[in-house]
Amino acid sequence: MSERELRRDLAVLPMSVVRELTGLSDRQVRYYDQQGLIEPQRGAGKQRRFSLDDVDRLLQIAEYLDAGYTVAEIHEVDQKQQRKHTKEPSEESLRHMLADELLNIGRLNGKQKF
DNA sequence: CTTCTAACA
DNA sequence: TGTTAGCA
C-alpha cells in the first residue's frame with residue numbers, strides 16, 4: 001500500500017481535458033505555452049501532455065490575465081517569486097499563498113486593475 | 001477523430 | 001482570439 005498520493009506533477013492530461021477543466025480554448029492554452037508561461041510535456045506526435053500542476057498554473061494565468069496583467073507582467077511576478085522561493089520545500093497550501101501574495105505585489109506596484 | 005503549427009478574412 | 005488549412 002504505497003504511493004496512493006496523487007501525482008500532480010505527472011503529465012497525462014490531453015488538450016481536451018485541460019480545455020474542459022480550465023474553460024480555456026485550446027488556442028489560448030497553446031498561446032500561453034508559446035509565451036513560455038507553461039511547459040507541458042510532449043508525447044507522440046508533439047501532442048501536449050499536461051499535469052494537474054499545469055492545470056493549476058493555467059487557472060493561475062487566466063486569473064492574472066483577466067485581472068488586467070499582460071503576459072510580460074506575469075513573467076515578472078514569476079521571477080520575483082523564484083527569488084523568494086529559492087529555498088524552503090513547498091507545501092500544498094503554499095501554492096495558494098503565492099496567488100494572494102502575487103496579487104498583492106501587483107497592487108503595491110501601482111496597478112489598480114482590480 | 002484529436003492535436004499540431006502557421007497564418008489571416 | 002477565433003478560425004481555418006494541411007499534416008501527423
*How would you give the extent of chain A contacts on DNA chain C, as first and last nucleotide 5' to 3' within a 4.0 Å heavy-atom cut-off?*
dT1(C) to dT3(C)
*asked:* Could you check whether Asp78(A) pairs with Arg57(A) (Lys NZ or Arg NE/NH1/NH2 to Asp/Glu carboxylate O, under 4.0 Å)?
replied: yes
*Compare every heavy atom of Ala62(A) with every heavy atom of Asp66(A), then report the nearest pair and how far apart it is.*
OD2-O, 2.8 Å
Determine all donor-acceptor pairs shorter than 3.5 Å in which one atom belongs to a side chain in residues 41-50 of chain A; sequence neighbours excluded.
{"residue": "Arg42(A)", "atom": "NH1", "partner": "Lys46(A)", "partner atom": "O", "Å": "2.5"}
{"residue": "Arg48(A)", "atom": "NH1", "partner": "Asp33(A)", "partner atom": "OD2", "Å": "2.5"}

_Distance check, rounded to the nearest 0.5 Å: Thr22(A) atom OG1 versus Tyr32(A) atom OH?_
9.0 Å
*Which residues pass the side-chain hydrogen bond (donor to acceptor under 3.5 Å, both in side chains) test with Ser51(A), sequence neighbours left out?*
Asp54(A)
_Give me the stems containing DNA chain C, sorted by first residue, counting only three or more consecutive Watson-Crick or G-U pairs with both distances under 3.5 Å; say none if there aren't any._
B:4-8 with C:2-6
_Tell me the closest heavy-atom pair linking Leu65(A) and Thr70(A), and the distance in Å._
CD1-C, 4.4 Å
*Please step through side-chain contact (heavy atoms from CB on, under 4.5 Å) for the pair Arg8(A) and Asp56(A), ending with a clear verdict.*
CA-CA 9 Å; Arg8(A) 319 180 79 97; Asp56(A) 263 6; 4.0 Å; yes
*Please confirm whether the backbone N or O of Gln35(A) pairs with a side-chain atom of His75(A), one donor and one acceptor, at under 3.5 Å?*
yes
Tell me which donor-acceptor pairs under 3.5 Å the side chains of residues 9-21 of chain A have, and how far apart each pair is, sequence neighbours excluded?
{"residue": "Asp9(A)", "atom": "OD1", "partner": "Arg7(A)", "partner atom": "NE", "Å": "3.2"}
{"residue": "Asp9(A)", "atom": "OD1", "partner": "Arg7(A)", "partner atom": "NH2", "Å": "3.4"}
{"residue": "Asp9(A)", "atom": "OD2", "partner": "Arg7(A)", "partner atom": "NH2", "Å": "3.0"}

*asked:* Is any side-chain heavy atom of Ile61(A) closer than 4.5 Å to one of Val71(A)?
replied: no
Would you list the protein and nucleotides 1-7 of chain B atom pairs, both N or O, that sit under 3.5 Å from each other?
{"residue": "dT3(B)", "atom": "OP1", "partner": "Ser16(A)", "partner atom": "N", "Å": "2.7"}
{"residue": "dT3(B)", "atom": "OP1", "partner": "Ser16(A)", "partner atom": "OG", "Å": "3.0"}
{"residue": "dT3(B)", "atom": "OP2", "partner": "Arg19(A)", "partner atom": "NH2", "Å": "3.1"}
{"residue": "dT3(B)", "atom": "O4'", "partner": "Gln47(A)", "partner atom": "OE1", "Å": "3.0"}
{"residue": "dC4(B)", "atom": "OP1", "partner": "Arg48(A)", "partner atom": "N", "Å": "2.8"}
{"residue": "dC4(B)", "atom": "OP1", "partner": "Arg48(A)", "partner atom": "NE", "Å": "3.0"}
{"residue": "dC4(B)", "atom": "OP2", "partner": "Arg30(A)", "partner atom": "NE", "Å": "2.6"}
{"residue": "dC4(B)", "atom": "OP2", "partner": "Arg30(A)", "partner atom": "NH2", "Å": "2.3"}
{"residue": "dT5(B)", "atom": "OP1", "partner": "Arg42(A)", "partner atom": "NH1", "Å": "3.2"}
{"residue": "dT5(B)", "atom": "OP1", "partner": "Arg42(A)", "partner atom": "NH2", "Å": "3.0"}
{"residue": "dT5(B)", "atom": "OP2", "partner": "Arg48(A)", "partner atom": "NH2", "Å": "2.1"}

